Amino acid sequence: MSLKERYDFREIEKKWRQRWAEQELYAVEDFSARPKFYCLEMFPYPSGKLHMGHIRNYSIGDVLARFKTMQGYNVLHPMGWDAFGLPAENAAIKHGNIHPADWTMANIRTMREQLKQLGVSYDWRREIATCHPGYYKWTQWLFLQLYHRGLAYRKKAAVNWCPSCTTVLANEQVIGAGVCERCKTEVEKRELEQWFFKITDYAQRLLDDLQLLTGWPEKVKIMQENWIGRSEGAEIRFPVAGMNEEITVFTTRPDTVFGVTYMVLAPEHPLVEKLIAGRAQAQAVRSFVREVSRLSEINRTAADAEKTGLFTGASCLNPLTGEQVPILVANYVLLEYGTGAVMGVPAHDQRDFEFARKYNLPVRVVIQPPGEELDPATMTEAYVGEGIMVNSGVFNGLPNQEGIRAVIKYLEEKGLGRGRVNYRLRDWLISRQRYWGAPIPIVYCDRCGIVPVPEKDLPVMLPYDVAFKPTGQSPLADCPDFLHADCPACGGPARRETDTMDTFMCSSWYYYRYTSPREEAAAWDKAKVDHWLPVDQYIGGVEHAILHLLYSRFFTKVLYDLGLVSNVEPFTNLLTQGMVLKDGAKMSKSKGNIVSPEEIIETYGADTARLFILFAAPPERDLEWSDQGVEGCSRFLNRVWRLVAPLAEELPAAPSIPAGELTGVNREMRRLTHQTIKKVTEDIAVRFNFNTAVSAIMELVNGLYQYREVPAADRDPAVLREAVESLLLLLAPFAPFIAEELWQGTGHRGSIHKQSWPEYDPAALVEEEVTIVVQINGRVRDRVVVPRGISTDEMVDRVLAQPRVRQLTEGKRIKKVIPVPGKLVNIVAS
RNA sequence: GCCGAAGUGGCGGAACUGGCAGACGCGCCGGACUCAAAAUCCGGUGGGGCUCACCCCCCGUGUGGGUUCGACUCCCACCUUCGGCACCA
């Protein structure tokens, strides 16, 4: 094979794309003698075309997959489609004449083609789409497993409703101060009967096992930790005065219970109506409750929202003192957290303090800070620190940390309360009032109630012919053929569940399906899952830090408990890539700063696009797009071409290993080659710093250009051959097409992507001379070249003997000499 | 408000364990090639000073302190930007 003079990326990329596909170069065996490596990038939602974020994600993943393959691993590197979801349905509603399924499939075709153009080394035989009945059958099956285990349940609750998406949302999908994660519309509350997963049962395990995830960014773990929001404290029951009722509160400060001067309920607390019935305050409280509930989450939780409240007329008794305190309702108490009721301790809680001052409620100090006397009358803020318990009966004198334990013990002994751990995590709402999702496999029978669809009847097929109208009800409810079913239990007439599942359910298990994507008898082949999982490297955007990653962890733990998988965590290592920016801002249609991957690939080729995106910034950081930077990478590949292509004849004729001891330029050239191998290997494997790996390769090319200038007679052909071969091998994961073309064009048989990763020879790195930096009083004043490996004393002697050192230290007293072997000598003189 | 990350040339970024700040790339300047241009190749390029040729000196990694022979790197205080959470009792 001969190589053209000019680098024709179009022809080269097209050729290898076809050949690799024909040869199924990236097909992976299920089991192999080689160690396994599961390299996974987050699969995309097929929204239309790939954007730069995708290109970045898949380029990063491909470098790792190819690198690991060359290092001798059996690498599973699959791709698929998170294919259910709202945009497809919204497109159908908007345009009327396009079906979500057709829209989705068309997008998949486009994006699959783009990924192939990009040259990503996927095993396409394993491609999956979550909207395929062969896939969602198992999504439904998994729902049933959770249902049978009591982890899927239906309940009526105030849920988040997005009026724009006309569906409910999980808590995790409500962001900021109460807006929809997808469309940024303000979310409303609605009372609805919905399906939930009991993720709260797993709160503690999800928290504890974060410790196992040493390969995850600290940032993501902290976000999950905060989201789970564990807090320790106590539950205390306060009897209502004159009624046979009690109010249970959750507090993290049971040591302050003697400082309670009032009680507050959330406006929506079920007891409110009972408390006010027949009282003078009833009307006022009702209108207050209505007023607060009317306000959206956004207004109610705004940072500067003022705390307001109202006396109910009722009182309750402090179970430890017997003292009677008023019960209020207030906007700052949330029904969803804890018990929806709070004991008011103004002296030791800032919110309670502000509230008490506003409504002239008494402040009672029960914790005295060391060396200070708090006076309720003059306090300007709550004291929340440590101290000694006072005004607290038998607990007086106890340090408050001990007090916490003592009070809990006391409560438990007297049956007044108990120690309790509380979590901020809520159960996962999975119902969606939409068509384009996996139907929830449940039927409702008037006689039998809620009946799960038997496994043999799966999948519950999504009908094709439905009317898309944004009614707030699933379009399936208007589809009689779907709606009417026979009850699996009694055979009588029944009604199907018309809600579909949150698409996060589909994406919580897809990485298991890749191991046996066409398996028909089970969700996956257990032996294969046990072999491949957990995923060794997962790569994706940090926006999934909570949603997808938490749900996937939850699913994995459930599957583990069900004996369906053997791993307790799904993803061993996680890499969260930064955003792609243009002019300092995230690329978006509205800002008009989008760079289209299509155009870049058309103009410069896939290799250049990949190289630039990997070179411009380290993966975790945001990347600033630069057209000129792309230009530079294109120039570099051309430079590689012009360097290697003319060697097509010469290279195969050269010996592959340099013979004997090398000297001069040949020795230097070989050292550079091996230094580069070391640097690139470490940058990829240890640090994921692809940008510095690429610059090291560039330096090797620069070095080869220099080497080429040396008279031919002085050059060692074997050194040249080794350098060029190493260059191509190192470049292969980054720019797979040009590396392949040049590899096979320089007389090599077989794909470069099946070659072993080069290893460096430590002996080649050794320099015979090293440059020692000479500092005087910490400032660089000279440099001395000394033989490698001389003793520290000799190094110091040589440095001190330098004319310049003598000159600069003349008339001064040398107080100290600090030698760093092989590197530096600092002389302290005055 | 709380939690987290980041501040380095004209720009993207590098400096791995406290040891030559600015690798590599872009841009810019100069040279070679050319009738000319593009492309390419070679060289220069943080700021300031100086007998602006050589040499040499000073300043310089958000700000102000500190530790150290030596600090982009460690410590304290602060400023700015970005991301997450948001009355969590």
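Below, read A as the first sequence line, B as the second, and so on, with proteins coming before strands; counting in each chain starts at 1. On a predicted model such as this, the values are computed, not experimentally measured, just so you know.
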Side-chain donor-acceptor pair under 3.5 Å between A:Y423 and A:Q204, yes or no?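 Indeed, the side chains of A:Y423 and A:Q204 share at least one donor-acceptor pair under 3.5 Å.
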Find the partner of [N]: check Watson-Crick (N1-N3 plus N6-O4 or O6-N4) and G-U wobble (N1-O2, O6-N3) distances, both under 3.5 Å, and reply none if neither fits.
N	answer
B:U61	none
B:G43	B:C29
B:U67	none
B:G18	none
B:A5	B:U81
B:A53	none
B:C87	none

Is A:Q775 side chain donor-acceptor paired with the B:G19 base, going by distance under 3.5 Å alone? yes
Can you tell me whether the side chain of A:K816 and the base of B:C69 have a donor-acceptor pair closer than 3.5 Å?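 By the distance-only test, no, there is no pair.
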With A:Y760, which of A:Q675, A:H674, A:K679 fulfils side-chain contact (heavy atoms from CB on, under 4.5 Å)?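 Exactly one pass, corresponding to A:H674.
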Taking A:I772 as the fixed residue, which of A:V825, A:V796, A:D782 is the one that meets the side-chain contact (heavy atoms from CB on, under 4.5 Å) rule? A:V825
Closest listed nucleotide, where the reference is the side chain of [X] and the choices are [options]:
X	options	answer
A:V820	B:C42, B:G12, B:G19	B:G19
A:N689	B:G13, B:C69, B:A15	B:A15
A:P618	B:G4, B:C87, B:A14	B:A14
A:L824	B:G19, B:C41, B:A89	B:G19
A:R639	B:A23, B:C41, B:A15	B:C41

Are any side-chain N or O atoms of A:N689 and backbone N or O atoms of A:D683, one a donor and one an acceptor, separated by less than 3.5 Å? no
Round to the nearest Å and state the distance from A:H544 atom NE2 to B:G83 atom P.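 Distance, rounded to whole Å: 17 Å.
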Distance below 4.0 Å between [X] side-chain N/O and [N] OP1 or OP2:
X	N	result
A:R687	B:A14	no
A:R781	B:C57	yes
A:R621	B:G83	no
A:S231	B:A89	yes
A:R779	B:C59	yes
A:N226	B:G84	no
A:N702	B:G25	yes
A:R230	B:C88	no

Roughly how far apart, to the nearest Å, are B:A21 and B:G13 at atom C1'?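 About 13 Å, rounded to a whole number of Å.
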Measure centre to centre between the rings of A:W625 and A:F612, then say whether the value is under 6.0 Å. yes
Flag the pair A:D255 and A:R253 as a salt bridge only when some basic side-chain nitrogen lies within less than 4.0 angstrom of an acidic carboxylate oxygen. yes
